[in-house]
Structure formats: C-alpha cells, structure tokens
There are 4 protein chains.
Amino acid sequence: MIEKKKLRIINATNRVISRVGIAGTTMRKIADEAGLSTGALYHHYKSKEEILYDAMDRSLSVSTRMAQETKQGKYNREEAIEQIGKDLKKRFNKIDENRIQFYLAQEAILGNEEILRKFGDKYQSWIGHVEELLQRIYEKQPTRYNKALASLLIGSIDGIVMQVLLRGNTVDIDDICEVYNQLLLEGIPALLDQWTE
Amino acid sequence: MIEKKKLRIINATNRVISRVGIAGTTMRKIADEAGLSTGALYHHYKSKEEILYDAMDRSLSVSTRMAQETKQGKYNREEAIEQIGKDLKKRFNKIDENRIQFYLAQEAILGNEEILRKFGDKYQSWIGHVEELLQRIYEKQPTRYNKALASLLIGSIDGIVMQVLLRGNTVDIDDICEVYNQLLLEGIPALLDQWTE
Amino acid sequence: MIEKKKLRIINATNRVISRVGIAGTTMRKIADEAGLSTGALYHHYKSKEEILYDAMDRSLSVSTRMAQETKQGKYNREEAIEQIGKDLKKRFNKIDENRIQFYLAQEAILGNEEILRKFGDKYQSWIGHVEELLQRIYEKQPTRYNKALASLLIGSIDGIVMQVLLRGNTVDIDDICEVYNQLLLEGIPALLDQWTE
Amino acid sequence: MIEKKKLRIINATNRVISRVGIAGTTMRKIADEAGLSTGALYHHYKSKEEILYDAMDRSLSVSTRMAQETKQGKYNREEAIEQIGKDLKKRFNKIDENRIQFYLAQEAILGNEEILRKFGDKYQSWIGHVEELLQRIYEKQPTRYNKALASLLIGSIDGIVMQVLLRGNTVDIDDICEVYNQLLLEGIPALLDQWTE
DNA sequence: GATGAATGAGCTTTCATTCAT
DNA sequence: TATGAATGAAAGCTCATTCAT
C-alpha cells in the first residue's frame, strides 16, 4: 500500500524532472503532479533528497536493465547485429527517458556520489556485456583493446542521443543506424583483424 | 578597462559553473569568486541572465573553435589521422571545459533557445568539417551516409567525454585513442568500400 | 476561512499604507502588522501588487459607497442640506481613510491605470449623484453648468480634506461646515437663478 | 557658480519628480537628467534628502508666490473677479506643477515636518490674502466665517486641480471657471448678506 | 571639482520543511 | 495518514553613498 504511494510519487517526480530538469523540480510540482499535498510527501519520504534519489535510482535501474538486454540474443552475427540496430532505434526515440538520463548524468558530474557510483556500475556492466557480445559474434581472440572498443561503441550511442536531444530532427536516425550497422558488419571486423594478426 | 572587468566576471562565472553547475550558480558565488560585491556585478551586467549568457557564449565559442580546428591540417591520410588522435587526447583531458560543455548542453535541452541554437550551429559546422575531412583523406565518392558517419564519429567523442566525466580514471584514454585511430585507419575504409562498390 | 486571512492582510496593509504611504509599504511591514511571516503572505496572494491592489480596491470601494450615500435621503431642501452638513463633518474626521485616499490618488496620478480608472468611475458616479441632488432640492431647469457645479462642490470637499490633512487643527471644521451649509442654502440658489432667468 | 550647478540639479530633480514621483526619484535619475555623475551631486549636496528638500522648497516657494499674487490687483469687484477667473484657468493648466504640488503634499502628510510647516505657512498666507480680498471687493463687515469661506474657496481650487489630475479631459475647465465666476459674483454676496444682516 | 566603480543593506520572491488540525 | 498554512533562509536585484583616480 505504502509502496503504491511511493511509486506514484516517484513516477510523478520523473515526469516533472523530464519537464523542468532536476534543479527545476520543486516539492510543490511533485505534489501537484502526484495529486497530493506537499505535506503528504513527507509522510512517505523524509526529504526532497530522498525522493529525488529514489526517482533517479529507478530511472537508472531501468536504463541499466535496458543496457543489459543487449546480450540476451543468442543469434548468429547477422541476426545479432540486426537486433542491435533495432534496439538502437528504440533507444534513440525514447526522448523523455534520454532527457532524464542526461539530467542524472549532470547530477552525478556535479558531485552526487551515490548517483555517480550507480552510473559507474551501469557503464561497467554495460561495457562488460558488450565485450562478451563482441567476442561471441566476432569469435576473435580478446585483446587489451576490447574494453576500449566496447567503451567507444557505447559512447557513440550516448553521443548520438545527445545530438538528438540538442539538434532534434536534423539528425537522421535511420541513416545513423545504418552506419552503425555497417560499422558492426564491416568496420569492426577490419579493426579486429588488425590486432589479432 | 571595463572589458577587463567583464572578462574577470565571466572567468569567475565559468569557474563557478564548472564547480556547481548552471542552476547552482548564484550572483553571490560569482561575486565572491570575482572578488566583488553583488552590487558591483550589476554595474557591468544588467542581469544574471546576461552574465550567464556571456559566460556560456564564451565557452561555446571556444569549443566551436576547437571543433573547427580539425580541418586545418593538410597532411596525407596517416598524418591527418595521427593529428586527430592527438587532438582527441587533448580534448579528453580538458575536464573543466568538458564539464561546462555538459552543463550548457543541459541548459539547452531545458529550453534555452539561444544556447540551443548555438549548439545547433556548432554541430552543423563541426559535422560539415568532418565530412570534408572524410572526403579528403579517403578520396571516395561521397554518399548519403557521409553526414551520418560524421555525426557518429563526433558523437562517439562526446560519448567518451561523458564516460570520462562519469567514470573518471576507469576509462583508459590511451586505449580509446588507439581504437579510434584504428577505426579511422581500417574500420572506416572498409565501411566506405561497402557503399561505393 | 481563507477569506478571513486575506481580510486580515488587507486590513494590515491599509494600516501600513496609512502610516508610511504606498511607496513605503514593504512586504515585511505588512507581514509584521498582520502578525505573519513574509512567506505566508504569498500563500494568500501571488505578489505584492495583488495585495496592494486588493487593499486599494477595498479603500476605494468604501469611499465610493460613502460618496453615493449622499443621494439616499428623501427630505425637503432644508433637511437634505442639514444631512449633507452632517455627512461632511463625518467625512472630514475620518483622517486615516482620507490619508489613504490621498495616497491612492497619488498612485493613480503616477500612472497606475487600474486605480486611475477606479477614481474616474468614482468621480463620475459621485458627480452624477450630486447633479441629481441639485435638481431635486432646487427644482430648477438643469443647465450645462450643473455638472461643473457638482464637480466644484465635490472638489471643495476634497480640497478641504487636503487642508485638514496638511494643516491639522488650524482648520475650523465646524465653521467650514457652516459656510458650506450657507452656500447650499443661499449661495447656490442665487447662482442658479442667474442661469435660468 | 556653485549656485548655478545647484539650480541645475534642483531643476533636474523637479523634472524627475514630476515624471516619477518623489518615491520614484533616484540619485541616478537626477544625475542623468542634470547631465552629471552621481558623484558630482555629492559635491553640491550632502545627501539625497537635501536635494529633495531644496527642490521641494523651490516648488513650494513658487506656488506660494503664485498664491500671493491674487491680492496684487486694485480693481473694482467685477474686474477683480474677472482677473481671478483668468488666474484660475492658468493654474488649472499647469499640470506639471500641480503634479509636483500634489507629490509634495503627500510627502508632508507622510510626516515630513519641514515640508508640512511650509505648507502650513503657504495656506495661512494664502487664506489671509483671500480674506483681505473678500473684504475689499465685497465691502462687508468681517465675520467669524470669513476665514472659513476663504479656506473653502481655496480648497475648491485644490479639489478641482485634483480632479483634473485624476480625470484629465473629462473635466470641463471653462465651465468650472464660469461657475466659480458666478459663485463670486452672485453666490458669495448672497452668503455674506445672510451673516451681516 | 568630477567621475563612475564599488559597497552593502534592504527589497520582493521562492521553496524545503514543519506542524496544528 | 492527510492537509495546506506558516516559517525563514536565501535568491536576484536596486540604490544611496563612498572613494580612488
């Protein structure tokens, strides 16, 4: 029961954050969005900080879970890459979630240790999954550059998300997915050949 | 003379922004950082908004200029790519500037039209330069995917910057530069071949 | 309930205004006078302007109503004039209300359109009532000068109020009422005769 | 020399006051209007209060002098009354001066003792002059009501000025002057007869 | 004398938090 | 539990006044 209320509050909080950012999020806006009074918020949470923390935690968990889904498939190389392309497009189109992730990153960079640690975990696990994926679909000997490659592949997704947020529809997402696809199909193998020769 | 004071204020503002973010930047903090009283700030600027705008404008100009420097070189492919690698490393190490860029991006995403437009201009010009570069060093027929490729190459830089900010020294910058290098040397050509056959 | 608080704030505001004028009225003074914190004022009103507006509106309504009461009587000439004399004296003695009216007039003259309009309405209605009264008690043909006469009779009240405020007890209110009385009994009829012959 | 600068400052001050009121008058506005720097004001005056005082003093002196001019004439009744009518019209049309007078009255009522005393002096002298005038042109025995009558005649002028300021061109000044004229020609004699019988 | 940058108190307003109901 | 009025610190900003030049 109490959990239901809490969920309502953090959902409201995330909607508010996506609209006005973390700094612009006030208790009154959260209360209004959740259909509660400001006082009621304090029955479920001790402070604004706790609410924000829970809301951010939830957002990060969702995005971490999404990142981990990459590995799920057990297809061959072409199928796997095709699947990645689809996931990618979905990711680029979740504007609201991307905005929130972006605000959270900000919060972390500003010195919120808790959130920073969560981001660290998320990237570490994500990079690990991508490393595995690389090894699985390219079947090459792992080298010391595999982690860096994974990091770069992930970074390019984040970077494109940033461009989509900043430039809106002047970014052609389909073309970018196609390039990403070709990169995985042709570019990466050429790269890997270089190191493993 | 008055410009000197303005510059002092702007520099102080950028230091404050890099420390506490744009939302956390108050007139009092700027005044303290600049060694002035709050009232004095209003001699040189009509409002906080103007100060922030000038400070952001300056940061963005610097980063836009940096982005444009990419094209300067008149080397052959290997030399050009080597140069890019060096620039990249420099870029990754400018932590403070990267933080500010990140805060500015947030400001833009939150609805600051002026800043958003500047980011749009910056990316457009940057992508243009990278497109030219691609054509110059690979000497292939341009295809409809060239812009997307440029966008992706730039995005991957932003994404890595984000990881550096979020994960600190768990990202091995040298390795990433090496991978980026190999990508340009081996990966991209393999990609371009695909489209121009 | 909430209206009760608003009334308390408005009353406090009017006390403050009567003490220090509109320009000297600060939120802190209002809050202190009402026994509240400054923040609490913003629960009931969105801004200082709204508080001042409500306070001024209330003062003006009261004075407008007072002005309109003149017509009520259904007496003969002597009784009506006697009644006017009594009303006059009461009006002169409401020092605080007169002060506030005076401050409001200044506010209007300084360019507060809303208040200016209300004053316009008040005078228009007041002059109309006096015109009717003149016609009723003197039973002469109305001439083009009736409106001007009404305006002058009203103006002389305002002017005396001003003198009372500025000169205090050096103005003998009883004598002035007596003169006003005689003016209505003997002076005005002689005037009207002049125009209707 | 120094007096010339002081004059420039108080003229500038009066222009500013007439535009934005006493409370809205700032040192910077005075300095700008006078074509000086704020610092320069302090070479001639020790404080804002002194400047305002001098400016107000000057305005009040001018208006007191104007009030005293009434007596100058040495005409018969009709000529004197005609002259009064002309003066009246001039007075009503000096909008800027009337505004300033009004603001000064405010200042006095708010507790500025110095200004209050000056107003007291002005009215006392003005009333005295009008009393003399009444006696001269009507040649009746003076009664205890003469002072009150003078006060009322002066008050009605102030009251009309107030209406002109508040209602602008909806007051027909010519009509009012005509009524005032008739009041002096026919109304006042009828009044005086009453008391001296 | 003259300048205008600098000061700092005090203004209106916002907002996390508390608490009587 | 729930409400929303109340608190008070801190924000952006204004302005009389001072003072180095």
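Every chain is numbered from 1 and lettered A, B, ... according to where its sequence line falls, protein lines coming before strand lines.
For residues 11-21 of chain C, the salt bridge (Lys or Arg N to Asp or Glu O under 4.0 Å) pairs, not counting sequence neighbours, are C:Arg15-C:Glu33, C:Arg19-C:Glu33.
The interatomic distance linking B:Ile30 (CD1) with F:dC13 (P) rounds to 10 Å, in whole Å. One can place CG of A:Leu41 at 14 Å from P of F:dT1, the figure rounded to the nearest angstrom. If you take NZ of C:Lys4 and P of F:dA5, they are 15 Å apart, rounded to a whole angstrom. As a whole-Å value, the separation of C:Tyr53 OH from E:dT12 C1' is 21 Å. Rounded to whole Å, the distance from NZ on B:Lys5 to P on E:dG4 is 14 Å. If you take CD of B:Glu50 and P of F:dG12, they are 15 Å apart, rounded to a whole angstrom. Taking atom CG of B:Asp32 as the reference point, atom P of F:dA11 lies 10 Å away to the nearest angstrom.
Other residues, nucleotides and ligands place no more than 12 heavy atoms under 6.0 Å from the CD atom of C:Glu49.
Annotation: side chain of A:Tyr45 is in contact with side chain of A:Ile10 (closest heavy-atom distance under 4.5 Å).
Here C:Lys29 does not reach the OP1 or OP2 of E:dC11: none of its side-chain N or O atoms lies under 4.0 Å away. Put simply, A:His44 has a side-chain N or O that comes within less than 4.0 Å of OP1 or OP2 on F:dA2.
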### Task
Carefully, step by step, assess B:Ile17 and B:Leu52 under the rule side chain to side chain contact (heavy atoms under 4.5 Å, CB included).
CA-CA 9 Å; B:Ile17 288 178; B:Leu52 284 183; 4.0 Å; yes
### Task
Please step through side chain to side chain contact (heavy atoms under 4.5 Å, CB included) for the pair C:Tyr53 and C:Asn112, ending with a clear verdict.
CA-CA 10 Å; C:Tyr53 183 77; C:Asn112 188 323; 5.7 Å; no
### Message
Applying side chain to side chain donor-acceptor pair (under 3.5 Å) to B:Asn14 and B:Ser59, what does each step give before you reach the verdict?
### Response
CA-CA 8 Å; B:Asn14 274 320; B:Ser59 282; 3.3 Å; yes
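Checking D:Gln101 against D:Lys122 by side-chain atom types alone, a donor-acceptor pair falls below 3.5 Å.
Each of A:Ser37 and C:Ala40 has a nearest nucleotide on DNA chain F; the 5'-most of these lies closest to A:Ser37.
Between the A:Lys118 side chain and the A:Ala108 main chain, no donor and acceptor come within less than 3.5 Å of each other. Using modelled atom types, no side-chain atom of A:Arg99 and backbone atom of A:Leu165 make a donor-acceptor pair closer than 3.5 Å.
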### Task
Determine which bases of DNA chain E form Watson-Crick or G-U wobble pairs with both distances under 3.5 Å, and write the result as a 5' to 3' dot-bracket string with | for other-strand partners.
.||||||||||||||||||||
### Query
When every nucleotide of nucleotides 16-21 of chain E is labelled 5' to 3' by its protein contacts under 4.0 Å (heavy atoms), B for base, S for sugar-phosphate only, - for none, what sequence of letters results?
SBB---
